[in-house]
**Q** 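Following this message is one structure expressed as structure tokens.
Computed from a predicted model, the values in this text were never measured in an experiment. We count ligands from 1, going down the list as the structure has it; atoms in each ligand are counted the same way.
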Amino acid sequence: QAKNNGKGQILCFDQTLATKVLKRVQIEYQLRQAIAEEQFELFYQPKVNCQTGIVDGIEALIRWRHPDKGLIAPADFISVAEEAGLINAIGSWVLNEAVWQASQWSDTALGKLRIAVNIAASQFQLENFSSEVLDVLVHHGVPPDRLELEVTESIVMKNLDAVITRLQTLRTAGVRIAIDDFGTGYSSLKYLQDLPLDVLKIDRSFILRLQHEECRQSLVNTILLLASGLGLETVAEGVETLEQKEKLVTLGCSSIQGFYYSVPVLADALPGVVESINALVAPEPHQRAA
Ligand code: C2E
Ligand code: MG
Ligand code: MG
Ligand code: MG
């Protein structure tokens, strides 16, 4: 209680809460500035196809290049941005930047790769969201099938019918839809059938210690069977070890993303990273010559 009812009462003020609130207000203020000055950067992390071992997509991940504090991870500002109503502005920047970057890669070795962009639930509440996405694609001359949107289960919490209509519009145009962090939200399995989806991303928490714990293994296996029953591709998130990778390949996962292959890197570094991942499965020199 911050109320000052008289002498000494101010001591009741919760210092920790005060500090937290102040910090939040500060971040919010600085975020507004960050949006105006575009102090954000996208990092890119490859997704590797389990069958071929070749990179088949990349995910764009935002960081905030703070003028004093340096690089700030999304965990430290995305939720503030959501609560302050700033996430849609940030989301628009991300979408435009990622699609522009895809256009820059069009005539390179990365030109066929699909770029995945994380979309906050509130962006799907915007009436013109589908047209915003399609306009950005047209503006940068990028075909819709090179874009994938990653959404979490929380999109089902409000105006479900309108959200489904927007997803359908995008999907009909060729944009792919992935459900992110699958298994961590509150959504019932029913939504998996109602939502027009292409990809299911298995949350990192299921992948952790996959090789050691029998029960985790059967959970991942069940998710993979569920996805296959629904005709969805699967991406395993947060794969860090060879054991995890091999287990997922055996279980029939479609693609793998994680530090095992690469941490997220800046756009300039991505061609080299993709090349070296792909080189791991390059044909032997004599095969290449044939
Ligand atoms: P996410 O979409 O589930 O992204 C995966 C996160 O796991 C990323 O964290 C990535 O760097 C991290 N990661 C990837 N491989 C590994 C691994 O092998 N081990 C471990 N420990 N971590 C791994 P990041 O970049 O910090 O992003 C965190 C979350 O912030 C994202 O989770 C996403 O929900 C959100 N986010 C990131 N970029 C955006 C954005 O542009 N817009 C919105 N709305 N949210 C974003
Ligand atoms: Mg994601
Ligand atoms: Mg995820
Ligand atoms: Mg995750």
**Q** Is the distance between the Mg ion (ligand 2) and the nearest N/O/S atom of E237 smaller than 2.8 Å?
**A** no
**Q** Salt bridge check: are E83 and R24 linked by an N-O gap of less than 4.0 Å?
**A** yes
**Q** Look only at interatomic distance and state if Y260 has a nitrogen or oxygen under 3.5 Å from any nitrogen or oxygen of ligand 1.
**A** no
**Q** If only side-chain N and O atoms count, and only distance matters, is there a donor-acceptor pair under 3.5 Å linking E132 with S92?
**A** yes
**Q** Restricting to N/O/S, name the atom of D180 that gets closest to the Mg ion (ligand 2).
**A** OD2
**Q** Side chains of V239 and L210, heavy atoms from C-beta outward: is any pair under 4.5 Å?
**A** no
**Q** Can you tell me if N96 and H140 form a side-chain donor-acceptor pair at under 3.5 Å?
**A** yes
**Q** Which ligand 1 atoms does E240 reach within 4.0 Å, using its non-hydrogen atoms?
**A** 17 (C), 18 (O), 19 (N), 20 (C), 21 (N)
**Q** Report the residue from E59, E233, E148, E237 that forms a salt bridge (Lys or Arg N to Asp or Glu O under 4.0 Å) with K47.
**A** E148
**Q** Could you tell me whether D181 and K201 have a side-chain N and a carboxylate O separated by less than 4.0 Å?
**A** no
**Q** Regarding S255 and D56, do their side chains bring together a donor and an acceptor under 3.5 Å, going by distance alone?
**A** yes
**Q** Using distance alone, determine whether A60 and ligand 1 share an N or O pair under 3.5 Å.
**A** no
**Q** Partners of E28 by salt bridge (charged side-chain N to carboxylate O under 4.0 Å, His left out), sequence neighbours excluded?
**A** R32
**Q** Are any of the heavy atoms in R63 under 4.0 Å away from ligand 1?
**A** yes
**Q** What atoms in ligand 1 come closer than 4.0 Å to a heavy atom of G238?
**A** 15 (N), 16 (C), 17 (C), 18 (O)
**Q** For I27 and D76, which heavy atoms make the closest approach, and how far apart are they?
**A** CD1-O, 4.2 Å
**Q** If you consider just the N/O/S atoms, which atom of E59 is the closest one to the Mg ion (ligand 2)?
**A** OE2
**Q** Would you please determine whether P264 falls within less than 4.0 Å of ligand 1 on a heavy-atom basis?
**A** yes
**Q** If the cut-off is 4.0 Å to any non-hydrogen atom of Q45, which atoms of ligand 1 fall inside it?
**A** 14 (C), 15 (N)
**Q** Among the N, O or S atoms of E150, which one sits nearest to the Mg ion (ligand 2)?
**A** OE1
**Q** Is the closest N or O pair between Q257 and ligand 1 shorter than 3.5 Å?
**A** no
**Q** Looking just at side-chain N and O atoms, do Q30 and H66 make a donor-acceptor pair shorter than 3.5 Å?
**A** yes
**Q** Going by the order shown, which atoms of ligand 1 are within less than 4.0 Å of some heavy atom of E59?
**A** 2 (O), 4 (O)
**Q** Run the numbers for me: atoms of ligand 1, each under 4.0 Å from some heavy atom of A120, listed by number.
**A** 44 (N)
**Q** Would you say ligand 1 has an N or O under 3.5 Å from any N or O of D180?
**A** yes
**Q** What atoms of ligand 1 come within less than 4.0 Å of a heavy atom belonging to D181?
**A** 3 (O)
**Q** Taking 4.0 angstrom as the limit and counting only heavy atoms of V239, give me the atoms of ligand 1 inside it, by number and element.
**A** 18 (O)
**Q** Backbone, side chain, both or neither: what part of V94 comes under 4.0 angstrom of ligand 1, heavy atoms only?
**A** side chain
**Q** Just jot down the ligand 1 atoms closer than 4.0 angstrom to any heavy atom of E237, in number order.
**A** 3 (O)
**Q** How about F40 and I62: do any of their side-chain heavy atoms sit closer than 4.5 Å?
**A** yes
**Q** Just distances here: any N/O of A75 and N/O of ligand 1 closer than 3.5 Å?
**A** no
**Q** Kindly work out whether a path of hydrophobic side-chain contacts (I/L/V/M/F/W/Y, heavy atoms less than 4.5 Å apart) joins V265 to Y260.
**A** yes
